[in-house]
Amino acid sequence: MHVLSLRLLPFLAALLLAACASAPRAPEAVVRGELDQREYRYLELPNRLRVVLISDPTTDKSAASLRVQAGSGDDPADRQGLAHFLEHMLFLGTAKYPDSAEYQDFINAHGGSHNAYTSVDHTHYFFDIEPESLEPALDRFAQFFVAPLFTPEYVQREANAVDSEYRMGLKDDARREYDVLRELVQPGHPLGKLAVGNLQTLRPTEGDIRGDLLAFHQRHYSANLMTLVVLGKQPLDTLEAMVRPRFDPIEDRDSTALAKVPELFAPSQLPLELRIRPEKETRELSMLFPVPSSRARPSAKPLDYIGNLLGHEGPGGLLSVLKARGLAEGLGAGAGFDLFGQDAFQITVQLTEKGLAERDFVVALVFRAIGQLREGGVEDWRYREQSALGELGFRFREKGSASASVIGIANALADYPVAEVLRGPYLYADYDAALIRDYLARMQPANLLLTVTDRGVETDRQSRWFGTPYAMRSLDAALLSDAARHAPPLVLPAQNVFLPDRVATKSLSAGAPVSPTALADEAGYRLWHLQDGEFPGPKASLYLQMLSARATATPRDAALASLFALLVQDDLNEFAYPATLAGLQYGISPSSRGLSVKLSGYDQRMGLLLEKILHSLQRSEFPAERFTSLKTELMRELGNSTRERPYSQLVDRLGNTLVQRSYSDAELRAALADATPADLAAFAADLRSDASVEVLAHGNLLAEEARALGDSVRDALRGGSGAEAPAVEVLALPAGTSVRDVQIEHPDSSLLMYLQGASSDVAERARVALAGQILGPSFFNELRTERQLGYVVFAQPYPFARVPGLLLGAQSPVAGPAALAKEFRAYLDRQVKALDVMSDDAFARQRDALAARLREKPKSLGEKTERLWSDLGLGSYGFDDREQVALAVDALSRPEWTAYFRARLAAEDAASLLVLSTGEAHRGKDGNLPSGRVVDPAGRWKSDAKYYRFEWPRPVQDPGRALHSGTP
Ligand SMILES: [Zn+2]
């Protein structure tokens, strides 16, 4: 297909889309952005598998993704979760590669990663890998779809992993709310099924479940329902030659994807109010309107247009008015459901307590906004502005990681013609005012599902699979309409002043530095600059940090730092929101050394936004009601962390235990409770009087531009006290086992075993990183696949600053922490033996895979900025920290490393910390907790504890000099 102006020919475009599905076509050219040097080829194999090949000679990762148009919507009623279960099973052996761990071992040993997910209408598998190993990886991958084994032994075992996955989500509010929707949809709608599945719905021991898996695979895993995307460094012809023989054997069974399903709700069901009691402290109001899918007009984007205007956070808009009246703290609007020809537009409002009490007014105001849009908000110039923003976004789109590219394109193939798989999501080229108004007309009271989520709502029933308490009642559409007429009018967004009109890459002189140089280095101020030739384009990053010991001196200071960051963002929001729409992002957050501000995007208007941010950062006083509102919000968020999944709470607790002046959410919450506006004002003033300032200007910025931006930061934020910037301190664990017991309300137990390295020097960091590389897959395979201890099972390197550590973790519905600790110990003992017989070749493969991972290039300007920023934080002024570790990895030898592993990490008296929680299911039944030195509940250590200290390094004239202590 030729690239047409779809604006003129929407009808024709729709026809062509329909035609895409059947007739064989000549290769089509994929429309690319300006910075995109990759080559693309589309082809359809004889079995009708649709394929996009991408050749990128510069890539250091290859990737592939295969998407099947079949998902949980296709589950048989008596085996709900089968599609998801099948997704798990495909990883566990094929006729050609029967070993259940082979695929994962292969991917890991060649520097890659893999995953999959099951959705209602499709299932998606993907991996990435070092470029040299693409072909053998594809050979393994293709077999999933040609000849999976479904080994009976693993069928029975893996059903437990699926059940664990279901159990892990039991306290997740998103899943709990979805469970209520499941009970509400019309009978026969695919959303009514338990997509994740559990032992009750899968019934693995009843009937012939393996036969059912095979039957599902045969019926739905047909080449005509699949798309494949492969990215490699090889030329397109070579990639095509790799793909054809491996994927053509997938059978074309001429299957049909599920298409006709009942409407989501029966017309008589709406309008309806649903009240849901969540686990977390949340107060949310959602207004959902079922609407037809707009997929047939992919570049018209009527729902995006509406979402952009309703969700606009500028002055006088919906959120602005709700905030000014103290009713809401946040708002989102958009569609994102798009299944089987149906879609749903949803507006969600994060309510304050007052907003909850006055929610009828909130609903009325939203309807008023929708009415106003319908009457006067559908305008050509607004559409053109969105179109211009989209076009700009596409022109300078960065290519992104290999895996994100293949996943994105495989999904885009379902929504856009081949030529538009890259541009489609950005393209607004089919303005149709009548279509937009038609959608707006459907967002009316009679078509409303209103959901109020709050801990205090009265409920009268519980959902079946997640036990969510809820209630419902029908609403009166006429009353709702009447209320909307009486709501105050809103202001539609003004023209966006941040839309850049000059977008050019500035020329870079030959021989310009390739890593940041210090343009300024004076007392309390340092400016780093790199104009980057590696990522051309009109974008830049400006990162700055106010370093001050005051920011984290006590839990109260740390809590006030968070609150200050929230107040500053809030102060900026109405002004800066259009900037975020125009591709200029910013964020302000507390850090371990102070407060950091990150700006990134088109550089042209960066100075304008920076000026405003600096102005807000100089404030000490904020409106009293904003202080109260945001403090309440922060208290609520800090309280909610006790509802996170157990293992992730334990990971947070690990950090609080090991890093000085890092506080748990409970400590922060307690410290914040009685803070007043005067406390905050005093804190902000202290912070500024203490602050040293570090700035990194990176990307499309000339040295003089960087200097101007940096100097304005210095003038606004540098304090005069001359105080030393704070050091980061990491606890050096004593030999032997320390234990920290954490109380968490959850049925599952969880255990982390943290094995700390012996020093923070680069060789030790390399040794521990290699342990993570080698152990990761076998730990997963032995504890999850073989022992079925839980869905979340992982082993990975987990450093704090430069201090290395190996983290083993699991969350389990079947074993308590004592049982898990025994399993972890037994695993380490088995590893010691296994490593003794590891071949030199196998060792070299793992070592090289790790070194390649470390040497992976950043995939975007933003990713590179993050790395440079991290190097700055570590005082690594050669900006080569990863390379230093990679060099140390290159130097590792098998005998030395295995001896190290035995004597240090796997030793009985290794310096280790167990962080654990006993699940409700295992209390009183798990046996004795592992013995060890008990860390008190606040995680405080005796004063004789030793710490690694990382100073904020100065001076900087000696690049590459590592200013930190190698041993505590
Ligand atoms: Zn799963």
Side-chain angles (χ1 to χ4, degrees), residues 167-184 272-288 319 322-323 325-332 346-363 366 448-473 475 559 562-563 566 625 628-646 648-649 652 664-674 742-748 917 919-920:
R167 287 177 190 283
M168 179 189 67
L170 281 175
K171 299 255 177 156
D172 287 5
D173 279 326
R175 287 168 199 249
R176 293 169 66 84
E177 281 165 37
Y178 178 39
D179 200 36
V180 176
L181 186 67
R182 187 175 284 135
E183 307 200 338
L184 221 62
L272 181 73
E273 180 182 308
L274 206 57
R275 297 175 182 202
I276 297 180
R277 188 185 310 147
E279 286 286 302
K280 284 188 178 175
E281 184 81 32
T282 0
R283 273 181 299 269
E284 195 174 270
L285 180 145
S286 142
M287 295 169 68
L288 182 142
L319 180 63
L322 290 171
K323 266 187 170 180
R325 292 178 174 237
L327 302 177
E329 283 306 334
L331 182 140
Q346 193 175 16
I347 299 144
T348 51
V349 185
Q350 278 78 53
L351 297 173
T352 60
E353 243 167 282
K354 186 173 176 224
L356 184 73
E358 295 176 29
R359 60 181 181 270
D360 292 350
F361 174 79
V362 178
V363 172
V366 172
L448 169 69
L449 173 66
L450 175 70
T451 307
V452 178
T453 312
D454 174 57
R455 298 276 295 163
V457 295
E458 297 280 328
T459 62
D460 56 12
R461 67 194 83 186
Q462 291 206 339
S463 70
R464 177 170 177 198
W465 296 114
F466 288 75
T468 319
Y470 74 101
M472 50 188 175
R473 65 171 182 122
L475 291 167
S562 294
L563 183 56
L566 286 177
E625 70 277 7
T628 310
S629 221
L630 289 170
K631 181 182 150 185
T632 310
E633 186 70 6
L634 181 57
M635 296 277 289
R636 191 179 60 79
E637 260 173 45
L638 291 168
N640 276 340
S641 65
T642 61
R643 305 279 171 187
E644 299 294 336
R645 293 177 177 173
S648 84
Q649 289 192 52
D652 282 350
S664 72
D665 289 351
E667 287 175 283
L668 295 172
R669 191 167 192 270
L672 188 62
D674 63 352
V742 182
Q743 307 298 319
I744 296 174
E745 295 308 311
H746 196 282
D748 292 356
S917 69
E920 287 147 5

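For reference, positions follow the sequence shown, starting with 1. Because the structure is a prediction, the values reported are computed rather than measured.
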Examine distances only and state if a side-chain atom of [X] and a backbone atom of [Y] form a donor-acceptor pair shorter than 3.5 Å.
X    : Y    : answer
E667 : S664 : yes
R643 : K171 : no
E177 : I276 : no
D172 : A174 : no
T352 : L327 : yes

Subject >> Whether over 12 other heavy atoms sit under 6.0 Å from E353 CD >> reply: no

Subject >> Electrostatic pair R325:E358 at N-O distance under 4.0 angstrom >> reply: no

Subject >> Lys/Arg N to Asp/Glu carboxylate O, R283 vs E281, below 4.0 Å >> reply: yes

Subject >> Residues Q346 and S286: side-chain donor-acceptor under 3.5 angstrom >> reply: yes

Original post:
Is the closest side-chain donor-acceptor distance between S629 and E329 under 3.5 Å?
Top reply: yes

Working to the nearest 0.5 angstrom, can you tell me the gap between [X] [atom1] and [Y] [atom2]?
X    : Y    : atom1 : atom2 : answer
L449 : L274 : CG    : CG    : 6.0 Å
L448 : L288 : CG    : CG    : 8.0 Å
M168 : D748 : CE    : CG    : 8.5 Å
L450 : L475 : CG    : CG    : 6.0 Å
N640 : R669 : CG    : CZ    : 8.5 Å
L285 : T451 : CG    : OG1   : 8.0 Å

Original post:
Taking Q350 as the fixed residue, which of E284, R636, E633 is the one that meets the side-chain hydrogen bond (donor to acceptor under 3.5 Å, both in side chains) rule?
Top reply: E284

Subject >> Student check: side-chain heavy atoms of E183 and W465 closer than 4.5 Å >> reply: no

Original post:
Can you check whether V363 reaches M287 side chain to side chain, under 4.5 Å on heavy atoms?
Top reply: yes

Could you report the tightest heavy-atom contact between [X] and [Y], atom names first, then the distance?
X    : Y    : value
R473 : L272 : O-CD1, 3.5 Å
G355 : V362 : O-CG2, 4.1 Å
R176 : G467 : NH2-O, 3.6 Å

**OP:** Go through the steps to decide whether L356 and V452 satisfy the test side-chain contact (heavy atoms from CB on, under 4.5 Å), and finish with yes or no.
**Re:** CA-CA 8 Å; L356 184 73; V452 178; 3.8 Å; yes

Original post:
Considering the options L170, D173, D179, which one meets the side chain to side chain contact (heavy atoms under 4.5 Å, CB included) requirement together with T468?
Top reply: D179

Original post:
Quick one: does NZ or CZ of R275 land under 6.0 Å from the six-membered ring centre of Y470, within 45 degrees of the ring axis?
Top reply: no

**OP:** Measure from NZ or CZ of R359 to the centre of the six-membered ring of F361 and say whether it is under 6.0 Å with the direction within 45° of the ring axis.
**Re:** no

Subject >> Working for side-chain contact (heavy atoms from CB on, under 4.5 Å), residues L634 and L672 >> reply: CA-CA 9 Å; L634 181 57; L672 188 62; 3.6 Å; yes

Original post:
Should E644 and K280 be marked as a salt bridge (Lys or Arg N to Asp or Glu O under 4.0 Å) after you check the CA-CA gap, both sets of side-chain angles, and the distance that decides it?
Top reply: CA-CA 9 Å; E644 299 294 336; K280 284 188 178 175; 2.7 Å; yes

Original post:
M472 and E273: side-chain contact (heavy atoms from CB on, under 4.5 Å), yes or no, with the steps?
Top reply: CA-CA 6 Å; M472 50 188 175; E273 180 182 308; over 6 Å; no

